[in-house]
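Written below as structure tokens is the structure these notes are about.
Naming: A, B, ... by sequence-line order, numbering from 1 per chain.
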Protein chains: 2
Amino acid sequence: MSQGNSCVSVTAVQARACTVREALDRVGGKWSIGILVAASEGPVRFTELERQVEGISRRMLTLTLRNLERDGLLHRKVYPTVPPKVEYTATPMALELYESLVALTGWAERHRTAISEARAAYDQEHGAPTG
Amino acid sequence: MSQGNSCVSVTAVQARACTVREALDRVGGKWSIGILVAASEGPVRFTELERQVEGISRRMLTLTLRNLERDGLLHRKVYPTVPPKVEYTATPMALELYESLVALTGWAERHRTAISEARAAYDQEHGAPTG
DNA sequence: CCGAATCCGTAAAGATACTG
DNA sequence: CAGTATCTTTACGGATTCGG
């Protein structure tokens with residue numbers, strides 16, 4: 001997931017950019033947000049996530065779960081019962097992150113149509129994908 | 001850059017997740033943020049960006065520039081002079097996006113060490129990359 | 001100075017079958 | 001139920017070359 005970046009920028013401008021990317025890298029994957037949002041509502045089990053995120057493969061669910069756990073965004077609790085039971089819970093840090101993401105949600109909603117129009121205009125002016 | 005997603009989620013929970021991803025996809029690339037931040041300070045030229053972003057290749061600069069322009073985040077102004085001159089300017093929409101990203105910056109700075117520690121702890125408990 | 005076009009390596013992501 | 005292992009496809013990103 002292209003992490004392991006320590007913000008070794010030369011200019012102050014790019015140092016700021018790097019800090020932003022540092023945050024985005026935590027949720028940069030295709031599925032991280034979906035899992036995080038689902039886990040923000042309370043503890044969720046593996047199969048439960050598999051249904052909720054919908055479209056995710058078993059493999060990607062496992063991988064993303066591991067990464068989120070490794071970053072301290074999810075807590076993994078195993079119940080040693082005979083049908084195995086594992087619960088994933090969002091940590092306070094993850095909940096805080098989600099709050100920060102709400103600002104982005106607002107932006108996306110406000111400019112959703114503007115972006116679509118910009119893309120349509122661009123595609124028409126240049127080589128449009130539709131023809 | 002894995003865009004073209006229209007948020008066709010079934011559950012309300014995942015619809016919210018999708019809106020967040022919609023915003024993240026605009027800046028999801030490896031270089032988008034760096035370019036956006038540089039352009040937020042005022043109009044910048046191609047070669048200027050090539051130096052500022054530092055590490056970016058000519059190809060990726062061009063590609064990312066095109067995507068940002070297509071999404072309506074950058075305005076491209078060409079001066080038909082004999083040595084060609086092209087200026088890229090952040091649109092109001094892009095500046096607004098950058099403001100929203102500042103919230104994320106705060107989060108990243110607050111939890112930078114916590115994340116590092118979480119990763120170290122995880123790597124030690126499981127198979128550590130360093131041994 | 002600003003870019004397009006091509007080739008190529010790596011990493012992300014999907015599908016599926018198998019296991020404790 | 002909760003994963004792991006393996007295989008294949010796709011997208012991202014780097015290096016290089018060429019053109020206006």
Side-chain angles (χ1 to χ4, degrees), chain A residues 1-5 21 24-35 38-39 43-71 74-89 122 125-127 129, chain B residues 1-5 21 24-35 38-39 43-71 74-89 122 125-127 129:
Chain A
M1 284 186 176
S2 71
Q3 291 166 340
N5 167 5
R21 289 230 62 232
L24 291 183
D25 281 345
R26 299 290 162 282
V27 291
K30 189 178 182 181
W31 307 105
S32 305
I33 295 285
I35 294 175
V44 275
R45 301 183 57 176
F46 188 89
T47 317
E48 205 171 342
L49 283 169
E50 207 175 354
R51 280 192 305 267
Q52 275 206 38
V53 178
E54 217 162 349
I56 194 171
S57 67
R58 232 189 189 78
R59 176 185 141 85
M60 288 316 295
L61 179 56
T62 302
L63 284 180
T64 312
L65 245 23
R66 290 292 171 277
N67 277 324
L68 292 174
E69 186 195 354
R70 191 164 106 101
D71 284 346
L74 284 185
H75 176 68
R76 182 170 177 265
K77 166 111 187 178
V78 182
Y79 297 88
T81 57
V82 138
K85 177 178 173 181
V86 180
E87 270 183 0
Y88 293 92
T89 314
Y122 183 95
E125 201 162 345
H126 306 67
Chain B
M1 288 192 172
S2 75
Q3 291 164 341
N5 167 2
R21 289 230 62 233
L24 291 182
D25 281 345
R26 298 292 161 283
V27 291
K30 190 178 180 179
W31 307 105
S32 305
I33 296 285
I35 293 175
V44 276
R45 300 183 58 177
F46 188 89
T47 317
E48 204 172 342
L49 282 170
E50 210 175 352
R51 282 192 305 266
Q52 275 206 39
V53 178
E54 215 163 348
I56 194 171
S57 67
R58 231 193 189 74
R59 175 186 140 87
M60 289 315 295
L61 180 55
T62 303
L63 283 180
T64 312
L65 245 23
R66 288 293 168 277
N67 277 323
L68 292 174
E69 186 195 356
R70 192 165 106 101
D71 284 345
L74 284 185
H75 177 68
R76 181 170 177 266
K77 166 111 188 178
V78 182
Y79 296 89
T81 58
V82 139
K85 176 179 173 181
V86 180
E87 269 183 359
Y88 292 93
T89 315
Y122 183 94
E125 202 162 345
H126 306 66

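Evaluation of the side chain to side chain contact (heavy atoms under 4.5 Å, CB included) rule for A/Arg45 yields A/Glu48, A/Lys85, A/Glu87 as partners, not counting sequence neighbours. Residues meeting the side chain to side chain contact (heavy atoms under 4.5 Å, CB included) test with B/Val78, sequence neighbours left out: B/Arg76, B/Val86. Shown here are the side chain to side chain contact (heavy atoms under 4.5 Å, CB included) partners of A/Glu50, two or more places apart in sequence or in another chain: A/Phe46, A/Thr47, A/Arg58, A/Leu61.
Within 4.0 Å (heavy atoms only), A/Thr62 reaches at least one base atom of the nucleic acid.
Looking only at side-chain heavy atoms (C-beta outward), A/Asp25 and A/Arg21 come within less than 4.5 Å of each other.
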Any N/O pairs under 3.5 Å between the protein and nucleotides 16-20 of chain D? List them or say none.
none

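Across D/dA2, D/dG3, C/dG3, the shortest atom-to-atom separation from the side chain of A/Arg45 is found for D/dA2. Of the candidates D/dG13, C/dA13, D/dA2, the closest approach to any side-chain atom of A/Trp31 belongs to C/dA13. Closest to the side chain of A/Val86, from the set D/dC1, D/dG3, D/dG13, is D/dG3.
Scanning all heavy atoms of the two residues, the minimum distance from A/Arg26 to A/Asp71 falls at CD-OD2, 3.2 Å.
For the pair B/Ser32 (side chain) and B/Gly28 (backbone), a donor-acceptor distance under 3.5 Å is absent.
Side-chain N/O atoms of A/Lys30 include none lying less than 4.0 angstrom from OP1 or OP2 on D/dA11. Taking side-chain N and O atoms only, A/Tyr88 has no distance below 4.0 Å to OP1 or OP2 of D/dC1.
For A/His126 and C/dG3, the NE2 to P distance is 11 Å, given to the nearest whole Å.
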